[in-house]
Amino acid sequence: MRPYIIANWKMNGSFDALDEAWGIDEAAGEYRDVDVAICPPATLIAPMADELSYAKAGAQDCHQAESGAHTGCLSANMIGEVGGTLAIVGHSERRQDQAETSAIVAEKLIAAQKTGLEAILCIGEPLDVRDAGEAESYVCQQLAESLVGDIDPAMLTVAYEPIWAIGTGRVAGESDIAAMHAACRAQLVERFGDVGAGVRLLYGGSVKGENAPQILAIDDVNGALVGGASLKAETFAPIIAAAAQ
Ligand SMILES: O=C[C@H](O)COP(=O)(O)O
């Protein structure tokens, strides 16, 4: 399976940051066996989509509706119109800040795919759930509830991001990542049949150049969704390089 490394810039990056995107694109050109994407703030999708040669540009979210009275939101079609080819849906920060439920995330996922965007579905448990020993059932339920309806597994990537590992410097243990990815894989195969074995499963949460080789070597980890370390080409390129190994 081709590894997939995605940069999620979150609410970071003005026009000056485009230089970092060009640096990331250079790394993507150097390691062509790795799929690379950048999801910048919406204001930067168009310039990136115009200029990137090897990496793809995408959005951090999309609305479930095609158009209408949804102040401040972007439809999947609008993202596609400016050259975006993917949309992250269900990131834990949106589930928390915008009270997005898995039912809403499921609608967003379908809306993204319907307009030809790849959907990157995020799932992950908070710390109290992990401490209570219920991480696996929590995440599997999120996965089931987010994959409702007519979904194309060929346009789907799933990112497991334990919430307590996001931006904290704390990474999940290798055996915990392996167990969670195995559980997600089994569920994807149950949901989509053999094709489910080909859906890429990414890990996210404090991935850096230093820990990427170990994380990316874990069974069923097919790439990474990266926040902080993706903001600079010099910290993101080593993650792309690790994926190429
Ligand atoms: O979408 C990316 C994740 O939330 C991970 O963020 P992080 O690499 O800063 O921990």
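Just so you know, ligand 1 is whichever comes first in the structure, and atom 1 is the first atom listed for that ligand. Heads up: numbering here begins at 1 and tracks the sequence.
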Quiz item: Is K208 near ligand 1, meaning one of its heavy atoms is under 4.0 Å from it?
Solution: no
Quiz prompt | Residue and atom name of the nearest protein heavy atom (relative to atom 8 (O) of ligand 1), distance in Å to one decimal | solution = G227 N, 2.9 Å
Quiz prompt | salt_bridge(D150, K114) N-O dist < 4.0 Å | solution = no
Quiz item: Would you say K10 and ligand 1 have an N/O pair spaced under 3.5 Å apart?
Solution: yes
Quiz item: At a 4.0 Å threshold, what atoms of ligand 1 neighbour a non-hydrogen atom of G167?
Solution: 7 (P), 9 (O), 10 (O)
Quiz item: Would you say G205 and ligand 1 have an N/O pair spaced under 3.5 Å apart?
Solution: no
Exercise. Can you sort out which atoms of ligand 1 are near G228, meaning under 4.0 Å from one of its heavy atoms?
Key: 7 (P), 8 (O), 9 (O)
Self-check item: Minimum heavy-atom distance between E125 and V139, given as atom pair plus value
Solution: OE1-CG2, 3.6 Å
Quiz item: Does the pair E100/R95 count as a salt bridge with the N-to-O cut at 4.0 Å?
Solution: no
Quiz item: Which pair of non-hydrogen atoms, one from A197 and one from V189, has the smallest distance, and what is that distance?
Solution: N-CG2, 3.8 Å
Practice problem: Take the angle between the ring planes of Y203 and H181 and call it parallel below 30°, perpendicular above 60°, tilted in between. | Solution: tilted
Quiz item: Which atom names give the shortest non-hydrogen contact between Q60 and M11, and what distance separates them?
Solution: OE1-N, 4.5 Å
Quiz item: How far apart are the C-alpha atoms of R185 and D219, what are their side-chain angles, what is the distance that settles it, and do they pass the salt bridge (Lys or Arg N to Asp or Glu O under 4.0 Å) test?
Solution: CA-CA 10 Å; R185 175 66 67 210; D219 272 356; over 6 Å; no
Quiz item: In terms of atom number and element, which parts of ligand 1 are under 4.0 angstrom from non-hydrogen atoms of N8?
Solution: 1 (O), 2 (C)
Quiz prompt | Salt-bridge contact D176-R130 (side-chain N to carboxylate O under 4.0 Å) | solution = yes
Exercise. Could you tell me if any non-hydrogen atom of A229 lies under 4.0 Å from any atom of ligand 1?
Key: no
Quiz item: Are any of the N/O atoms in E93 less than 3.5 Å from those in ligand 1?
Solution: no
Quiz item: Is the closest heavy-atom distance from A165 to ligand 1 below 4.0 Å?
Solution: yes
Quiz prompt | Nitrogen or oxygen atoms of I166 and ligand 1 under 3.5 Å apart | solution = no
Exercise. For atom 2 (C) of ligand 1, grab the closest protein heavy atom and report residue, atom and distance to one decimal in Å.
Key: E161 OE2, 3.1 Å
